[in-house]
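Notes follow the structure.
Atoms within each ligand, like the ligands themselves, are counted from 1 in listed order.
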Amino acid sequence: MEQTFIMIKPDGVQRGLVGEIISRFEKKGFSLRGLKLISVERPFAEKHYEDLSSKPFFNKLVEYIISGPVVAMVWEGKNVVVTGRKIIGATNPSDSAPGTIRGDFAVEIGRNVIHGSDSVESARKEIALWFPDGTVNWQSSLHHWTHE
Ligand SMILES: Nc1ncnc2c1ncn2[C@@H]1O[C@H](COP(=O)(O)OP(=O)(O)OP(=O)(O)O)[C@@H](O)[C@H]1O
């Protein structure tokens with residue numbers, strides 16, 4: 001089944017939003033496959049955001065990601081990549097709808113609380129980068145109540 005990589009950024013961890021965010025993914029019906037609190041070094045953050053290396057905000061973005069611990073997660077479920085992005089909301093919190101994580105908890109694009117893979121291919125790469133030892137293979141006993 002489809003998997004996505006979700007990261008609660010340092011502002012989300014510092015602001016005590018970890019439980020709220022995990023709860024939103026759990027209540028939707030997705031399954032947690034991997035979870036860790038981790039501080040990453042600059043080269044690792046640069047690797048994660050390598051596609052954005054030519055952007056003018058790249059250095060600021062890397063500084064932000066290494067400014068404190070992040071929560072790295074793998075979530076699994078039907079269409080979890082696209083649906084995860086909808087749960088997260090638009091990149092710029094000024095455009096994120098109320099009810100989304102960024103719409104409810106963020107005001108600045110440079111402090112937008114959470115990251116989610118933007119495609120199945122990016123998810124595969126990001127999961128391999130953040131969880132090189134693999135994830136936990138299990139099935140929730142609620143699975144058949146959320147998936148046909
Ligand atoms: N103009 C900007 N100024 C400052 N930071 C920005 C800007 N644009 C994007 N960012 C930061 O870079 C991150 C990655 O940008 P991207 O365009 O990939 O958006 P995204 O895919 O919605 O975000 P993410 O990859 O974090 O899920 C954004 O989440 C935001 O934290």
Check: every ligand 1 N/O to protein N/O pair under 3.5 Å:
unit_1   : atom_1 : unit_2 : atom_2 : d
ligand 1 : 19 (O) : T91    : OG1    : 3.4
ligand 1 : 21 (O) : R85    : NH1    : 2.9
ligand 1 : 21 (O) : R85    : NH2    : 3.4
ligand 1 : 22 (O) : T91    : OG1    : 2.4
ligand 1 : 22 (O) : R102   : NH1    : 3.4
ligand 1 : 25 (O) : H115   : ND1    : 2.8
ligand 1 : 26 (O) : K9     : NZ     : 2.8
ligand 1 : 26 (O) : Y49    : OH     : 3.1
ligand 1 : 26 (O) : H115   : ND1    : 3.3
ligand 1 : 27 (O) : R102   : NH2    : 3.4
ligand 1 : 27 (O) : H115   : ND1    : 2.9
ligand 1 : 27 (O) : G116   : N      : 3.2
ligand 1 : 29 (O) : K9     : NZ     : 2.9
ligand 1 : 29 (O) : N112   : ND2    : 2.8
ligand 1 : 31 (O) : K9     : NZ     : 3.1
ligand 1 : 31 (O) : I109   : O      : 3.2
ligand 1 : 31 (O) : N112   : OD1    : 3.2

Can you name the residues that form a salt bridge (Lys or Arg N to Asp or Glu O under 4.0 Å) with E121, not counting sequence neighbours? R124

Establish, for the pair K78 and F30, whether the NZ or CZ atom is under 6.0 angstrom from the six-membered ring centre and no further than 45 degrees off its axis. no

Salt bridge (charged side-chain N to carboxylate O under 4.0 Å, His left out) contacts touching residues 60-72 (sequence neighbours left out): R42-E63

Listed by chain and number, what are the side-chain hydrogen bond (donor to acceptor under 3.5 Å, both in side chains) partners of S53, not counting sequence neighbours? none

Whether R111 engages the ring of Y64 as a cation-pi pair (distance to the six-membered ring centre under 6.0 angstrom, angle to the ring normal within 45°) should be assessed. yes

Run the salt-bridge test on D104 and R24 with the 4.0 Å N-O cut-off and return the result as yes or no. yes

